Amino acid sequence: MRALLLGAICALSLSTPALADTLVDNVDGVTVDAKGGIDRFTGLVLADDGRIKQVLHRGDKRPERPTYKLDGKGQFLIPGMIDSHGHVMGLGFGALTLDLTDTRSLAEALAKIAAYAQAHPDRPWILGRGWNQELWPEKRFPTAAELDAVVGDRPVWLTRVDGHAGWANSKALAAAGVTATTRDPAGGKIERLAVGGKPAGVLVDTATELVDSKVPAPRPEDRDLALAKAQDLLLAKGVTAIADMGTSIEDWQAYRRAGDTGTLRIRIMAYAAGTDAMSLIGGPGPTPWLYEDRLRLNGVKLYLDGALGSRGASLKAPYADAPGTKGLRITGDTQLKNLMSRAALDKFQVAAHAIGDEANMALLSAIEEMSATYGGDRRWRIEHAQVVDPADIARFGKHGIIASMQPVHQTSDREMAEKRLGPARLAGAYAWKSIEATGAKIVFGSDVPVEAADPFAGWAAAISRTGPDGQPLGGWQPQERVSREEAFAAYTASGAYAGFAEGRFGRLVAGERADFVLIDRDPFLASPAELRETKVNEVWVGGRKVWQAK
Ligand SMILES: [Zn+2]
């Protein structure tokens, strides 16, 4: 027995000789190093288990006979980027849905719908969004009969660009039971034909729920398709890990299926969509890291308030452009503390959405109170931290708070934020630098699919406070810019820390997973405009190439 065992051990050690290493050489590499500084290097040795064995600098001796050698030909190499706030399945489903935003006539829309239906013969419903009759010469609502002429065999349901109306074909109207005798629901309208009162095809506001409620939930295979699509889109932008904000049990099962079949190429740090999903997925606590650090349920996503654009963000004082309202809290103080306790008791990490200054104040107070009860390393995450009263900013520096912010929101929201907040409250809006200066860890993300999952666009916004058009000159509230290095850390090493993944990935140092991206320019020398144009050439996760530009 003992001899057999020894033999087995010898065979094992023989089968993994020191030669089984991959050498990535001749690169212009940059990473946050083990001490939090910036390390420039020229090569990596990858072990067979997908981890980094050695970081090579100019003049370091290279392994003589690596199993595989990648000549980087002088390309720039950075760690895989971490998007600290996104919605993986939202990205995937959005990309699979028919997009009509670019159609300029009814005929063009119908042709696009017909082609899409033909390309997807197995979809039980044809779903789409983005039409706008105001952009068409017709300037009138389209009809069910017009849709029937191009897709008559299954229901079609197309949401208007603003989400406040939907266009159905006859199959969809029949599925929803909408007929000439159906009354308009409160707060909604069924567009009708002039003669006979039959539904014409477009349903407005609450009437859209009549069809929405009949759209079948995505099938597991639809979810798998959406996940595959989302992974492609993320990898194409150099994103190798993402914090998934609001994971449902169905989402989780799709991630597990991908892990089980070896098709999970990115890393997902999941935050359950509420405490019920949290318990359903995690049971008594966060899950272990699964599939070689590709998946873990870290905690729960909670919401304090809504968004600034729709005046749902909870403000301390009324909106500058709507003096009658201060916005709305989704979760009140008592309920919030109950939910946070429920999560913290079982060591789930809390990631709570707070946009308005009142919501941020309330969340900071709740964290202060929770910290007294639940000690230890909690890494309370404030998602967005978008508008903060300058009087509250210093409170970010205590209790290990992480501010999870989205640089591109600042450039997209700028004009809207000025209207909603007025000049007096802008000092604490998208205040990356001020919050970081308190000692809080800041991490960056995209909120994809609200914005594109493009860390290079985010990086450019973070260092310039200007949009893709270069406006405003000199940057908006430019005192809140962060340095190139700070933004880099917020998209890499800090993003890993915020998800309890430090030491596993996020840096290119010995012992961590070899997740890296080959790009076409030096992000530390590029202008903001050039940084936005960065092209991703190759993406590696866990020491394997998982994506390559065509
Ligand atoms: Zn979000």
Side-chain angles (χ1 to χ4, degrees), residues 81-95 97 129 163 226-227 230 233-234 237 239 241-248 250-252 255 266-275 277-278 281 297-314 327-331 336 339 343 348-356 359-360 363 379-388 401-413 416-417 429-430 432 435 442-455 457-458 461-462 490-491 495 498-499:
M81 301 297 265
I82 300 175
D83 190 320
S84 284
H85 184 122
H87 305 274
V88 174
M89 297 305 272
L91 168 63
F93 279 120
T97 301
R129 63 183 157 84
L227 175 57
L233 294 168
L234 291 168
K237 290 295 178 188
V239 175
I242 185 165
D244 188 40
M245 285 295 159
T247 311
S248 68
E250 291 85 2
D251 297 342
W252 178 260
Y255 305 157
I266 59 169
R267 302 188 191 279
I268 300 177
M269 300 173 277
Y271 294 82
T275 48
M278 173 190 88
I281 297 168
L297 179 79
N298 282 350
V300 66
K301 166 82 181 298
L302 303 175
Y303 281 88
L304 273 84
D305 62 347
L308 202 57
S310 51
R311 298 192 189 84
S314 180
L328 214 62
R329 281 282 289 281
I330 291 173
T331 311
L336 174 69
L339 294 171
F348 288 104
Q349 189 185 8
V350 173
H353 162 124
I355 301 255
N360 276 283
L363 182 53
R379 305 188 197 180
W380 310 98
R381 292 177 65 132
I382 302 186
E383 299 302 318
H384 309 303
Q386 212 167 78
V387 183
V388 183
I401 291 174
I402 289 159
S404 168
M405 308 178 83
Q406 298 74 37
V408 172
H409 281 341
Q410 181 272 305
T411 53
S412 306
D413 293 357
M416 176 274 288
Y430 313 88
W432 312 320
I435 289 178
I442 58 164
V443 298
F444 285 156
S446 65
D447 205 6
V448 66
V450 177
E451 301 280 359
D454 183 349
Y491 275 114

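Note that the structure is a prediction, hence the values are computed from the model and not measured. Residue numbers run from 1 in the order of the sequence given. All ligand and atom numbering here is 1-based and tracks the order in the structure.
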Between Asn360 (side chain) and Gly356 (backbone), is there a donor-acceptor pair under 3.5 Å? yes
Checking the side chain of Gln406 only, and the main-chain atoms of Ser84 only, is there a donor and an acceptor separated by less than 3.5 Å? no
How about His353: does one of its N, O or S atoms come closer than 2.8 Å to the Zn ion (ligand 1)? no
Spell out, as yes or no, whether a donor-acceptor pair under 3.5 Å connects the side chain of Arg381 to the backbone of Glu383. no
Within His85, is some N, O or S atom less than 2.8 Å away from the Zn ion (ligand 1)? yes
Taking the basic N atoms (NZ, or NE/NH1/NH2) and the acidic carboxylate oxygens, is any pair closer than 4.0 Å for Lys237 and Asp454? yes
Examine Asp447 and say whether one of its N/O/S atoms is closer to the Zn ion (ligand 1) than 2.8 Å. yes
